[in-house]
Amino acid sequence: MMQLLLPEAETFVKIQRRQYVRLDVTLDTAIHPEHTEFTPFRALTEDISAGGASIRLLKGTNIQSVSQLYLWMALTLKSGEIHYLRLKSKVIRIDPAKNDVQTVMRFIFEKQVDLKKKACMFNMIE
């Protein structure tokens with residue numbers, strides 16, 4: 001096991017690798033097929049950027065990973081203006097297990113920390 005020391009928080013520099021800044025925001029959206037491939041449905045965004053959005057789908061939603069579709073959303077600006085957008089979109093990828101993987105990784109990390117604490121306490125007792 002290694003212990004890493006972090007530098008002071010003020011020394012961190014955030015590097016944006018994406019062309020557009022991504023914002024974690026939940027927006028109500030409506031998803032419609034380009035033709036009649038599926039029944040339109042509502043969903044929520046997890047995050048958005050000017051280049052795309054991550055959408056949380058309900059289990060059982062039938063959509064293919066290269067589907068052409070229309071994403072409808074309403075954006076309310078500070079001025080009170082509401083812009084209704086109909087965006088021709090394409091599904092790039094579907095990641096059904098993303099949240100499950102994150103949960104398992106967190107569980108494993110917490111267990112590793114517990115085991116390390118127990119090992120340190122055991123060494124102190126000896």
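Since this is a predicted model, take the numbers as computed values, not measurements.
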Task: side chain to side chain contact (heavy atoms under 4.5 Å, CB included) partners for E81, two or more places apart - done: L77, S79, H83

- [ ] Return the set of residues passing side chain to side chain donor-acceptor pair (under 3.5 Å) with K111 (not counting sequence neighbours), or none when no residue passes.
- [x] none

Task: side chain to side chain donor-acceptor pair (under 3.5 Å) partners for T39, two or more places apart - done: none

Task: Spacing of T29 atom OG1 and I55 atom CD1 [to the nearest 0.5 Å] - done: 4.5 Å

Task: With R93 via salt bridge (charged side-chain N to carboxylate O under 4.0 Å, His left out) - residues at least two apart - done: none

Open item on the list: Which residues pass the side chain to side chain contact (heavy atoms under 4.5 Å, CB included) test with S49, not counting sequence neighbours?
Closed with: Y20, R22

- [ ] Please write out which residues are connected to L5 in a hydrophobic cluster, directly or through intermediates, given that two of Ile, Leu, Val, Met, Phe, Trp, Tyr count as joined at side-chain heavy-atom separations below 4.5 angstrom.
- [x] none

Task: Inter-residue atom distance D47.CG - R56.CZ, 0.5 Å rounding - done: 10.5 Å

Task: Rounded distance (nearest 0.5 Å) linking atom CD of E110 with atom CD1 of I108 - done: 11.0 Å

Task: Close side-chain approach of L44 to D28, heavy-atom, < 4.5 Å - done: yes

Open item on the list: Who clusters with Y70? Use side-chain heavy atoms, under 4.5 angstrom, across I, L, V, M, F, W and Y, and order the result by chain and number.
Closed with: W72

Task: Y84: hydrophobic cluster co-members (side-chain, 4.5 Å) - done: I82

- [ ] Output all residues satisfying side chain to side chain contact (heavy atoms under 4.5 Å, CB included) with L27, sequence neighbours left out; order by chain, then residue number.
- [x] V25, T45, I48, M73, L75

Task: Contacts of K88 that satisfy salt bridge (charged side-chain N to carboxylate O under 4.0 Å, His left out) - sequence neighbours left out - done: E34

TODO: Not counting sequence neighbours, which residues clear side chain to side chain contact (heavy atoms under 4.5 Å, CB included) with T11? List them please.
DONE: P7, E8

Task: side chain to side chain donor-acceptor pair (under 3.5 Å) partners for E37, two or more places apart - done: none

Open item on the list: Once rounded to the nearest 0.5 Å, what's the spacing between atom CG of L69 and atom CZ of F41?
Closed with: 7.5 Å

Task: CZ-NE2 distance between R42 and H32, expressed to the nearest 0.5 angstrom - done: 10.5 Å

